[in-house]
Structures are given as structure tokens and as C-alpha cells.
Amino acid sequence: MNTVFADGDPSGGVMFLGEAPGADEDRQGLPFVGVSGQLLDRMIEWIGLERDKNAYISNIIFWRPPGNREPSSAEIAICRPFVERHIELAAPRVLVFLGGPSAKTMLQKSEGITRLRGRWFDYRTAGMQARDEAPIAAMPTFHPAYLLRSPQHKREAWRDLLAIKARLDTAADA
Ligand code: URA
């Protein structure tokens with residue numbers, strides 16, 4: 001129904017990248033407005049930010065895959081250059097990849113989210129590399145929809161968020 005591009009404001013220094021819009025997001029044209037969005041809002045509050053004021057949210061796919069199926073590799077490939085340019089323009093200090101598809105696509109890794117989460121990666125698009133720009137600190141963590149299904153993993157997500165908060169606080173002081 002709608003293109004779902006982004007919500008929030010990148011001035012807080014952090015950009016969250018999810019997977020693809022669901023039915024609620026498609027209806028409203030905004031990312032993360034359904035139940036997993038409510039948990040994402042709480043995760044954003046845990047790190048002392050507010051969605052409308054200083055957190056920035058987008059996805060690696062801008063349209064809802066029919067029937068909520070997983071995005072195909074062709075759909076991911078079509079959106080990817082726009083996602084990369086979006087990151088370059090938003091220029092966050094910290095990038096958070098929510099869930100395996102986002103982390104694996106953007107970091108070009110084959111490992112699953114359980115192995116990738118909680119680790120810092122240097123993220124640089126080809127354009128940033130060509131311009132010799134500094135990489136962005138990027139951390140994968142669990143997707144809020146996964147945390148709703150498997151709440152026992154909230155402890156690890158909380159640890160990831162604390163590391164993200166510490167990084168943002170350090171970057172803000174620098
Ligand atoms: N899940 C996502 O990955 N993105 C959304 O926008 C909503 C749910």
C-alpha cells in the first residue's frame with residue numbers, strides 16, 4: 001500500500017535498521033509502528049533516547065513483502081544501494097542492525113545473528129571508502145519481534161543496548 005522509508009530524527013546519533021515493513025507499517029507508511037515497534041520504542045528509551053526526538057529508524061526493505069514472507073535476495077539487492085546512501089546521508093555515529101537479515105545484508109556476513117550480536121563492526125559503504133571517510137561503529141542485536149517470541153534473550157539484547165549507550169555517550173563527549 002505504502003512506501004515505508006524512515007521515522008524519527010538522526011540527531012541523537014543512532015540509526016536502527018530493521019528488516020521489512022509489516023501490515024501495520026504498510027498501512028501507516030512508517031517503520032516499526034506495530035507490536036515489535038512498541039518494544040523497539042522501549043529499547044530506544046532504555047538508551048535514553050526518544051523515537052520522535054533523537055532516534056532514527058528505517059529498514060533494509062521499503063515495501064511490505066506480500067503475506068509477510070521474508071524479503072527475497074532480489075528485493076534486498078534492489079533496495080541496498082538506497083539503504084547505503086540513506087546511511088551516508090543520515091551519518092549516524094552508531095548503527096544498530098536489528099536481526100539477522102539486516103546484519104547479514106549490511107555487513108555481508110554469513111553468520112547468524114546469535115554469533116553476530118553484541119560485537120562492534122566498522123561499517124563503511126563503497127562511497128565512504130572511496131572518499132576515505134571514517135567507518136561508522138555498527139552493532140547487530142536481536143530483532144524486537146524475535147525478543148517478543150523468545151523473551152529469554154532480552155538479557156543479551158539489554159547488554160547490547162548498554163554497550164550502544166556507552167558508545168553514544170563516549171561519542172557525544174568526544
Ligand atoms: N519489523 C521490521 O523489521 N520492520 C518494521 O518496520 C516492522 C517490523
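Every heavy atom of this structure was used, including side-chain atoms; hydrogens, water molecules and symmetry mates were not. Every number for a ligand or one of its atoms is a count from 1 in the order of the listing.
Ligand 1 places these atoms under 4.0 Å from at least one heavy atom of E19: 2 (C), 3 (O). Interface of G18 with ligand 1, defined as ligand atoms under 4.0 Å from a residue heavy atom, comprises 3 (O). Annotation for ligand 1: atoms under 4.0 Å from non-hydrogen atoms of H143 are 1 (N), 2 (C), 3 (O).
The protein non-hydrogen atom at the shortest distance from atom 4 (N) of ligand 1 is N59 OD1, 2.8 Å. Annotation: atom 8 (C) of ligand 1 to nearest protein heavy atom, S36 OG, 3.6 Å.
Below 3.5 Å of separation, one finds no N or O of P21 facing any N or O of ligand 1. Of the polar atoms of P31, none of the N or O atoms is found under 3.5 Å from an N or O of ligand 1, judged by distance alone.
Between F82 and F62, the angle of the ring planes goes over 60°, which puts this pair in the perpendicular group of the 30/60° scheme. Classification of the Y56-H86 ring pair by plane angle, with boundaries at 30° and 60°, yields perpendicular. Classification of the Y123-F97 ring pair by plane angle, with boundaries at 30° and 60°, yields perpendicular.
Q38 contributes no side-chain N or O that, together with a main-chain N or O of V35, makes up a donor-acceptor pair within less than 3.5 Å.
Here CH2 of W158 is found 13.0 Å from CG of L147. Values are rounded to the nearest 0.5 Å.
Proximity of A145 to ligand 1, defined as any heavy-atom pair under 4.0 Å, is not found for any part of the residue.
Note on W63 and V4: separate hydrophobic clusters, where clusters join Ile, Leu, Val, Met, Phe, Trp and Tyr whose side-chain heavy atoms are under 4.5 Å apart, directly or indirectly.
The closest approach between a heavy atom of G34 and any atom of ligand 1 is not below 4.0 Å.
Salt-bridge annotation for R85 and E88: present, with a side-chain N of the basic residue lying under 4.0 Å from a carboxylate O of the acidic one.
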